[in-house]
Amino acid sequence: QNRPRGNENPPRNNPPPRPDENKSAAKPAEPRRNPNAAALQVTSASVDSRGRLLKDCTCDGAGQSPAVAWGKVPDGTKSIAVSLWHQAPDQEKSYWLVYNVPATVTEIPQNKVAEGILGLNDKKKNSYDPMCSKGPGVKTYNITVFALSKQIELSGKEVDRHKLLEQIKDCTLAEGTLEYQYERDK
């Protein structure tokens with residue numbers, strides 16, 4: 001009842017946004033899926049000081065998986081899961097998924113096979129899929145690390161990002177997301 005229809009004016013108690021309010025260089029990082037989960041600090045040596053992914057980790061470079069490191073995990077952590085993803089205008093895309101990483105591991109070096117199980121990327125492959133944006137401009141990507149209270153009892157051929165998020169909703173002890181950007185060479 002309080003919504004504008006057709007060419008009607010919006011309600012006075014809901015002014016239109018100022019033009020500069022929606023012009024943000026980066027979107028907020030993914031909110032924690034479990035609000036009771038502790039925060040993990042996530043870093044990457046593959047992201048430069050401007051917050052841009054190194055070319056070697058993209059389709060314009062060598063297509064190497066990025067380095068990712070995380071802080072001390074909480075007591076009770078049995079495994080780690082890592083997800084590299086991007087919110088495209090029409091869908092969420094997944095580029096890399098690793099789970100059942102031992103709780104004692106605190107990093108995955110660039111271009112190294114991670115300890116753990118590789119899940120499926122959006123191309124249904126158990127591998128890293130380097131960013132290769134089709135559209136113009138800077139895109140924002142995310143690496144989310146989850147500290148889990150158990151191992152995931154599914155094979156890599158069964159687990160994509162959606163299935164992983166389903167499986168970990170009740171066993172996430174801590175999580176953190178690193179947001180970074182990438183723009184294709186022109």
Side-chain angles (χ1 to χ4, degrees), residues 27 29-34 37-47 53-54 56-59 61-71 73-74 76-134 139-182:
K27 295 176 185 171
E30 175 182 62
R32 291 200 305 263
R33 298 198 177 269
N34 178 348
L40 274 181
Q41 182 179 5
V42 180
T43 60
S44 177
S46 302
V47 175
L53 184 65
L54 300 179
D56 277 348
C57 298
T58 71
C59 71
Q64 299 175 347
S65 59
V68 59
W70 49 93
V73 298
T77 299
K78 303 287 187 233
S79 70
I80 302 292
V82 177
S83 174
L84 192 158
W85 59 280
H86 162 71
Q87 184 62 55
D90 59 338
Q91 65 181 323
E92 186 176 273
K93 299 187 63 73
S94 178
Y95 297 89
W96 192 34
L97 191 62
V98 185
Y99 64 98
N100 288 352
V101 175
T104 55
V105 172
T106 59
E107 69 177 326
I108 302 171
Q110 183 172 313
N111 201 34
K112 298 292 181 197
V113 175
E115 290 183 60
I117 299 173
L118 282 169
L120 297 168
N121 62 34
D122 278 355
K123 293 181 179 174
K124 306 291 182 217
K125 297 190 180 200
N126 299 93
S127 63
Y128 171 67
D129 180 24
M131 273 108 290
C132 201
S133 177
K134 306 271 187 276
K139 305 292 188 294
T140 300
Y141 296 84
N142 305 276
I143 300 174
T144 301
V145 177
F146 303 92
L148 307 174
S149 62
K150 67 177 190 174
Q151 297 252 335
I152 304 305
E153 301 297 328
L154 296 171
S155 80
K157 297 290 182 196
E158 299 176 79
V159 179
D160 59 13
R161 179 172 160 77
H162 177 74
K163 185 123 185 178
L164 176 76
L165 295 176
E166 264 179 33
Q167 290 288 313
I168 68 173
K169 67 182 176 196
D170 296 325
C171 66
T172 301
L173 300 174
E175 66 182 271
T177 297
L178 172 68
E179 183 178 87
Y180 64 91
Q181 297 180 325
Y182 163 61

Which atom names give the shortest non-hydrogen contact between [X] and [Y], and what distance separates them?
{"X": "Tyr182", "Y": "Cys132", "result": "CE2-N, 4.1 Å"}
{"X": "Gln110", "Y": "Ser65", "result": "CG-O, 3.2 Å"}
{"X": "Ser46", "Y": "Ala67", "result": "OG-N, 2.8 Å"}
{"X": "Ala114", "Y": "Val98", "result": "CB-CG1, 3.7 Å"}
{"X": "Leu97", "Y": "Ser83", "result": "CD1-CB, 3.8 Å"}
{"X": "Ala45", "Y": "Leu54", "result": "O-CD1, 3.8 Å"}

> What's the verdict on side-chain contact (heavy atoms from CB on, under 4.5 Å) for Ile152 and Leu164, showing C-alpha distance, side-chain angles and the deciding distance?
Replying inline: CA-CA 8 Å; Ile152 304 305; Leu164 176 76; 4.3 Å; yes

> Does the pair Lys163 and Leu120 meet the rule for a side-chain contact (heavy atoms from CB on, under 4.5 Å), with working shown?
Replying inline: CA-CA 10 Å; Lys163 185 123 185 178; Leu120 297 168; over 6 Å; no

> Tyr99: what forms a ring pair (Phe, Tyr, Trp, His ring centres under 6.0 Å) with it, not counting sequence neighbours?
Replying inline: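 By the ring pair (Phe, Tyr, Trp, His ring centres under 6.0 Å) rule, Tyr99 matches no residue at all.
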
> Does a sphere of radius 6.0 Å around CD in Glu158 hold more than 12 heavy atoms from other residues, nucleotides or ligands, not counting ones at 6.0 Å or beyond?
Replying inline: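 Yes, because the 6.0 Å sphere around CD of Glu158 holds more than 12 heavy atoms from other groups.
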
>> Using side-chain contact (heavy atoms from CB on, under 4.5 Å), reason through Val82 and Trp70 one step at a time and then give a plain yes or no.
In response: CA-CA 10 Å; Val82 177; Trp70 49 93; 4.1 Å; yes

>> Once side-chain hydrogen bond (donor to acceptor under 3.5 Å, both in side chains) is applied, what residue pairs with a partner in residues 125-134 remain, sequence neighbours excluded?
In response: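 side-chain hydrogen bond (donor to acceptor under 3.5 Å, both in side chains) check on residues 125-134 returns Lys123-Asp129, Asn126-Lys157, Ser133-Lys139.
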
Kindly compute the distance separating [atom1] ([X]) from [atom2] ([Y]), expressed to the nearest 0.5 Å.
{"X": "Glu115", "Y": "Asn100", "atom1": "CD", "atom2": "CG", "result": "12.0 Å"}
{"X": "Asp122", "Y": "Tyr95", "atom1": "CG", "atom2": "OH", "result": "7.5 Å"}
{"X": "Leu84", "Y": "Arg161", "atom1": "CG", "atom2": "CZ", "result": "9.5 Å"}
{"X": "Gln167", "Y": "Glu153", "atom1": "CD", "atom2": "CD", "result": "9.5 Å"}
{"X": "Met131", "Y": "Leu53", "atom1": "CE", "atom2": "CG", "result": "5.5 Å"}
{"X": "Gln151", "Y": "Ile80", "atom1": "CD", "atom2": "CD1", "result": "10.5 Å"}

> Can you find a heavy atom in the side chain of Thr140 that is under 4.5 Å from one in the side chain of Gln87?
Replying inline: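 A side-chain contact under 4.5 Å is absent here.
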
>> With heavy-atom distances below 4.5 Å as the criterion, would you say the side chains of Thr77 and Phe146 are in contact?
In response: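 No, every pair of side-chain atoms sits at 4.5 Å or beyond.
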
> Relative to the ring of Tyr141, is the ring of Tyr180 parallel (under 30°), tilted (30 to 60°) or perpendicular (over 60°)?
Replying inline: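 Tyr180 vs Tyr141 ring planes: parallel.
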
>> Trp85 and side chain to side chain donor-acceptor pair (under 3.5 Å): which single residue from Thr144, Thr177, Asn142 fits?
In response: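 For Trp85, the side chain to side chain donor-acceptor pair (under 3.5 Å) check succeeds only for Thr144.
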
